[in-house]
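Just below is one structure, and these are the notes that go with it.
None of the values given here were measured: they were computed from a predicted structure. Just follow the structure's listing: the first ligand is 1, and inside any ligand the first atom is 1.
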Amino acid sequence: MVNDRNILLCVSGGIAAYKACALTSKLVQAGANVRVAMTQSAEQFVGKATFQALSRNPVYTDVFKEHDPTKIAHIDIPDASDLIVVAPATANMIAKLANGIADDFITTSILAATCPVIVSPAMNVNMLDHPATRRNIETLKSFGYQIIEPGVGNLACGWIGGGRLPEPEDLLRIIESQFVPKHLLGKRVLVTAGPTVERIDPVRFLSNDSSGKMGVALAEAARDMGADVTLVHGPLQIPVPAGVTAIPVESSADMLETMLARFDAQHLVIKSAAVADYRPKTVHAEKHKKVHGPLTIELEETTDILKTLGMRKTTQTLVGFAAETEHLETHARAKLEKKRVDYLVANDVSTPGVGFGADENEVTLFRADGSSTRLPRQTKRQLAIELLTHFKEGIQ
Ligand code: CTP
C-alpha cells in the first residue's frame, strides 16, 4: 500500500519522537520512500543520524541548509510528497500549523504542501485538553488535515490520561489506509468473523480454532475503502478495528438473528465466520456434574446462516467462505450453488502457514458465473483489499 510512496515524516520535539524512529523503519520496510524533517527541539530527543540511517535519505532541519543548491527543499520536498505525517505533533507545532506560522523546515513545508496531511498529537493530558490546543486541533481539521486521536495511558510526564502517540504499527496502518482506493464509498458492508460458541452448560462450550483475523481484515479494509461497516463477531483473538460498528455474538442462533435483522439494508455481506455446524441438543442450566463412565452429548444441526441469507437475498452481494482440506474446487462449487452466493472464497486449510490463526492466506475466489481467480499467498490485510476489489464489481 505504501510501496513507492513518497512520505514526508515531520518530527517535532516531544519524548514520543523515539517512536518516530520505529515508524520510519516500518515505512521503509513496507517500501515507502521516507524523508524526515525535524524541529530543533526534536533533535534534543533523537539524533538526526538515526533518521538518516533509517530512511537512507537526508534529514531536513533547517530551511537555509540546502542539500542541493539547485532546489528549494521546503517547496520541492512537499511537492514530491504523496503524504505528510506529523508524528509526534507537539502543542507548539499544532499551534503554529493552525496559525500559518512558517518559521522552520516543517512549518514552511506544510504551508507549501498540497498533498494530504496527517497530524498525530502527543503531549501531556492537560496541554491536550487546554482550550487553546483543542481549538487549534479543530482548526487543523477545518483545513482537511486528518487528526489521529491520541491514545490514553501512562504519559512520560507521570500523568495518566490522553496524549500518547499511538504505537508505530498502528500509525503504519493509518498511513497505509490513506492509499487504499475508496471503491466502497457510500456502501453498507456487513462482515462476520470468528468462531461461534455453542454452550453445553454455564462453564463449557463447543467452539473452533477461528481467530477472526480474516474477517477483521475484511472489515478493516472495507472501512478503509470508504464503506459503512458492521462486524458481527464471535470471540476474537485480535481487537475490533476502530471506525467499525461491532456487534459481539455468541451462538450461531445469535448470529443468525443479528444477521437477519440487518441483512436487507446491506450492499455487501461477507460470511467469513466459522459457524458451528452442530450444537448440543440440550443446554444445561447448571454445571453438568461428573458421572463415572463415558458421557454422550447429543448434537443437533444449526441453521445454515449463509444458505438462509442466500435464499433471502434480493440486491445484496453475498460472499461465503469455505475451509477445505481436500477436493477444494468440487466442494467450493457445490457450496456456491447450494447456498446461492455470488462469490465463494475457498482456502485449503491443510496448507502450512495459511488459514486459521495465520497472518497470511492464499485462496481461490469462485464466482457464480463459473469463473475463478487464484489469489496467491499474502497478508490477510492485502488479501482483504484484493478480495473487496473483486466483490465491488458485483455490487448493485
Ligand atoms: N455457514 C453458515 N452457517 C452454518 C455453517 C456455515 O453461515 N451453520 C457459512 C460459513 O460462514 C461459511 C460457509 O457457510 O461462509 C461455509 O462454511 P463451511 O463450514 O465450509 O461449510 P459447510 O456448509 O458447513 O460444509 P462442511 O462443514 O461440510 O464443509
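Every atom of ligand 1 with a heavy atom of L306 under 4.0 Å away is listed here by number and element: 2 (C), 7 (O), 9 (C), 13 (C), 14 (O), 15 (O). Within the listing of ligand 1, atoms 8 (N) sit less than 4.0 angstrom from a heavy atom of T302. For ligand 1 and A273, the ligand atoms under 4.0 Å from any heavy atom of the residue are 10 (C), 11 (O). Close approach of ligand 1 to G320 is summarised as follows: ligand atoms under 4.0 Å from at least one heavy atom of the residue are 15 (O). Below 4.0 Å from some heavy atom of A323 lie the following atoms of ligand 1, by number and element: 20 (O).
Side-chain atoms of L155 and I160, non-hydrogen and from C-beta on, never get closer than 4.5 Å to each other. Counting heavy atoms from C-beta outward, D103 and K96 have side chains that approach closer than 4.5 Å. Side-chain contact between P235 and V197: present, with at least one pair of heavy atoms (C-beta onward) separated by less than 4.5 Å.
At a cut-off of 3.5 Å, with distance as the only test, a side-chain donor of T107 or D104 sits close to an acceptor on the other residue. Side-chain contact check for N33 and D4: no donor-acceptor pair (N or O, by modelled atom type) lies under 3.5 Å. Between the side chains of H390 and R367, at least one donor N or O lies within less than 3.5 Å of an accepting N or O. Side-chain contact of E198 with S252: a donor-acceptor pair under 3.5 Å is present, judged by distance alone.
Under a 4.0 angstrom heavy-atom cut-off, V341 registers as lying outside contact with ligand 1. Look at K307 and you'll find every heavy atom at least 4.0 Å from all atoms of ligand 1.
For atom 28 (O) of ligand 1, the nearest protein heavy atom lies 4.0 Å or farther away.
At a 4.0 Å heavy-atom cut-off, ligand 1 touches D277 through the side chain alone. Counting heavy atoms under 4.0 Å from ligand 1, residue T303 touches it through the backbone alone. Here A276 has backbone heavy atoms under 4.0 Å from ligand 1, and that is the only part of it that gets that close.
Residue contacts with ligand 1: S272 is placed with no nitrogen or oxygen under 3.5 Å of a nitrogen or oxygen of the ligand (distance criterion only). Ligand 1 has no N or O atom lying under 3.5 Å from any N or O atom of A322, backbone or side chain. Polar contact check, E324 against ligand 1: no nitrogen or oxygen pair lies under 3.5 Å apart.
Nearest-heavy-atom check against atom 21 (O) of ligand 1 across E301, K335, K338 picks out K335.
Among all protein heavy atoms, the one lying closest to atom 3 (N) of ligand 1 is I305 N, 3.0 Å. Among all non-hydrogen protein atoms, the one lying nearest atom 1 (N) of ligand 1 is D304 OD1, 3.9 Å. Residue, atom and distance of the protein heavy atom nearest to atom 13 (C) of ligand 1 are F321 O, 3.0 Å. Closest to atom 15 (O) of ligand 1 among all protein heavy atoms lies K271 O, 2.7 Å. Atom 23 (O) of ligand 1 has its closest protein heavy atom at K339 NZ, 2.6 Å.
Ionic pairing of R164 and E167 is present here: one or more N-O contacts between side-chain nitrogen and carboxylate oxygen are shorter than 4.0 angstrom. Taking the charged nitrogens against the carboxylate oxygens, K335 and E324 do have a contact shorter than 4.0 Å, which makes a salt bridge. A salt bridge between D359 and K213 is present, with a side-chain N of the basic residue lying under 4.0 Å from a carboxylate O of the acidic one.
The aromatic rings of H74 and F105 lie perpendicular to each other, with more than 60° between the two planes, well past the 30° mark.
In this structure, the ring of Y18 has its center no less than 6.0 angstrom from the ring center of F45.
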